[in-house]
*Asks:* 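Can you keep this structure in mind? I'll have questions shortly.
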Protein chains: 2
Amino acid sequence: MQVDQNKSRRAVILECAARLFREKGYKATSMRNIAEAVGIQGASLYNHITGKQEILVELLMSIARLFTKEMNEINKSSLPAVDKLKRLISIHIRYTAEQTDAISIITSEWAHLEEPTLSEYLGLRNAYEEKFEQIIKECIADGTFENVNPKIALFSILSTLRWLYSWYGKQKNINPIELEQEMIHCLLMGLIKR
Amino acid sequence: MQVDQNKSRRAVILECAARLFREKGYKATSMRNIAEAVGIQGASLYNHITGKQEILVELLMSIARLFTKEMNEINKSSLPAVDKLKRLISIHIRYTAEQTDAISIITSEWAHLEEPTLSEYLGLRNAYEEKFEQIIKECIADGTFENVNPKIALFSILSTLRWLYSWYGKQKNINPIELEQEMIHCLLMGLIKR
DNA sequence: ACCTTTAACTAACGTTTGTTAGTTAGATAT
DNA sequence: ATATCTAACTAACAAACGTTAGTTAAAGGT
């Protein structure tokens, strides 16, 4: 029994599917498209996965759980709230660079999840956003931020981080460290008290 | 000949299609879905439109041309660059409120455009982004903004404005005027020299 | 040497897709 | 009154879809 090769084959399928889902979207990508990218026949995919939806679930939920875990670890720390935000920005940039395809899918294809996974995903997302907002409120409460509307600040920061993938990679002459510094500046400096 | 009713029927189809494209995506929305929303049979749609792609083209390009026109008018004015940015933010918020479905589609479904319309759309979008970036550069040149990376500032602002639709409307207790003020604050204050 | 497992294959299924063809009832124009 | 036009209908098409069934060749275990 070659568990190792089995797993790697499955990983290749997930990888190819992620790339195609990103390029064409979930619905526009057929099982035969994915199979062709892997180099096998469409029906052969079913030796490794139970169906198309399972691919989406696996790609999406693994990322969702990753961000949930990171958020929990940050909240366990005793960092000042504004440093928690900087860590979050840093994490978004890192995962966007490392797993661009999967990040792209979680941002733009989550609506194709079927129940009950859809509810599970939305639960994780809402929890993440609420914790994010809570940190922003802390920044206001401890006097670091001006008295901005926390929901608008949250939305402004999160939408930029989520759409990083569509833009990162096209810019050749930006290194990740500069990017991180500039984004912290653009996203947070408007909120910090002067 | 009832041109008026003909036009309104066509408008209803575009409206229903926009809503469905937004809710389920272009590929996941069938012609029969659209027809059902209108209250006719699928095949009857073809008395008013030439096909599914035409609906997407019409919805998308009308918005693209709208933003192109607004950008040109702003650039014709002799406003200070930072006020041009404020006008752009204002315009994005207004159209997002007025035409949420179409705005949603231009942000998330443009990739389903077929050639040659796809190239035409991307041309308009690139021109818009370049003019937007040029205004940011003006703000840096005239000393209003700090010496930030203009591409990162552009991306940060634009992604927030583009994703407004996914978020606006869920927030009951925010009026458009407050939203505009807060967004100008969140998006621009981090850039302005202190 | 024999049995089991793995992972590929071909063939086919029932459904849905976008679209076309042909028809028809009612409104409008002459 | 007759002809034309509009906008709906039913029926059907060919293609593509996700998926299932059954088969086969090779690899691994005993």
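Reminder, nothing fancy here: chain letters follow the sequence lines and each chain counts from 1. Just the heavy atoms: all of them, side chains too, but no hydrogens, waters or symmetry mates, feed the values below.
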*Asks:* Choosing from D:dG18, C:dC9, C:dT20, which nucleotide comes nearest the side chain of B:Tyr46?
*Replies:*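 Selected nucleotide: C:dT20.
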
*Asks:* For the pair made of CD in B:Gln41 and P in D:dA12, what is the distance, rounded to whole Å?
*Replies:*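 Atom-to-atom, B:Gln41 to D:dA12, this comes out as 15 Å.
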
*Asks:* Over 60° means perpendicular and under 30° means parallel, so tell me whether A:Trp167 and B:Phe155 are parallel, tilted or perpendicular.
*Replies:*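 If you compare the ring of A:Trp167 with that of B:Phe155, the planes turn out parallel.
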
*Asks:* If I take atom CD1 in residue A:Ile49 and atom P in nucleotide C:dT6, what distance separates them, rounded to the nearest angstrom?
*Replies:*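 Rounding to the nearest Å, CD1 of A:Ile49 and P of C:dT6 are 17 Å apart.
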
*Asks:* By the 4.0 Å heavy-atom rule, please label B:Thr29 as base, sugar-phosphate, or nothing.
*Replies:*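 The answer is sugar-phosphate, as B:Thr29 gets under 4.0 Å only of primed atoms, P, OP1 or OP2.
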
*Asks:* Is any N or O donor-acceptor pair between the side chain of A:Arg9 and the base of C:dT6 shorter than 3.5 Å?
*Replies:*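 Result: no qualifying N/O pair found.
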
*Asks:* What nucleotide, of C:dA21, D:dT19, C:dG18, holds the atom closest to the side chain of A:Met31?
*Replies:*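 From the listed options, D:dT19 comes nearest.
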
*Asks:* Salt bridge or not between B:Asp101 and B:Arg22? Use side-chain N to carboxylate O under 4.0 Å.
*Replies:*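 The answer is yes: the pair qualifies as a salt bridge.
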
*Asks:* How do B:Ser44 and A:Gly42 order along DNA chain D: which one's closest nucleotide is nearer the 5' end?
*Replies:*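 Its nucleotide being nearer the 5' end, the pick is B:Ser44.
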
*Asks:* Measure from the side-chain heavy atoms of A:Ala43 and tell me the nearest of C:dT17, D:dA7, C:dT10.
*Replies:*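 The answer is C:dT10, which lies nearest to the side chain.
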
*Asks:* Given D:dG18, C:dT19, D:dA8, which nucleotide is nearest the side-chain atoms of A:Lys52?
*Replies:*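 Out of D:dG18, C:dT19, D:dA8, the nucleotide with an atom closest to A:Lys52's side chain is D:dG18.
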
*Asks:* Between A:His48 and C:dA8, does any side-chain N or O lie under 4.0 Å from OP1 or OP2?
*Replies:*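 Answer is yes, contact under 4.0 Å.
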
*Asks:* Using 30° and 60° as the class limits, which term best fits the ring planes of B:Trp163 and B:Tyr165: parallel, tilted or perpendicular?
*Replies:*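 Plane angle between 30° and 60°, so tilted.
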
*Asks:* Inspect the contact between B:Glu109 and B:Lys24 and indicate whether a charged nitrogen and a carboxylate oxygen are less than 4.0 angstrom apart.
*Replies:*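 Not counted as a salt bridge, because no side-chain N and carboxylate O are separated by less than 4.0 Å.
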
*Asks:* I want to confirm an ordering. Mapping A:Arg32 and A:Gly39 to their closest nucleotides on DNA chain C, which one lands closer to the 5' end?
*Replies:*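 That would be A:Gly39.
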
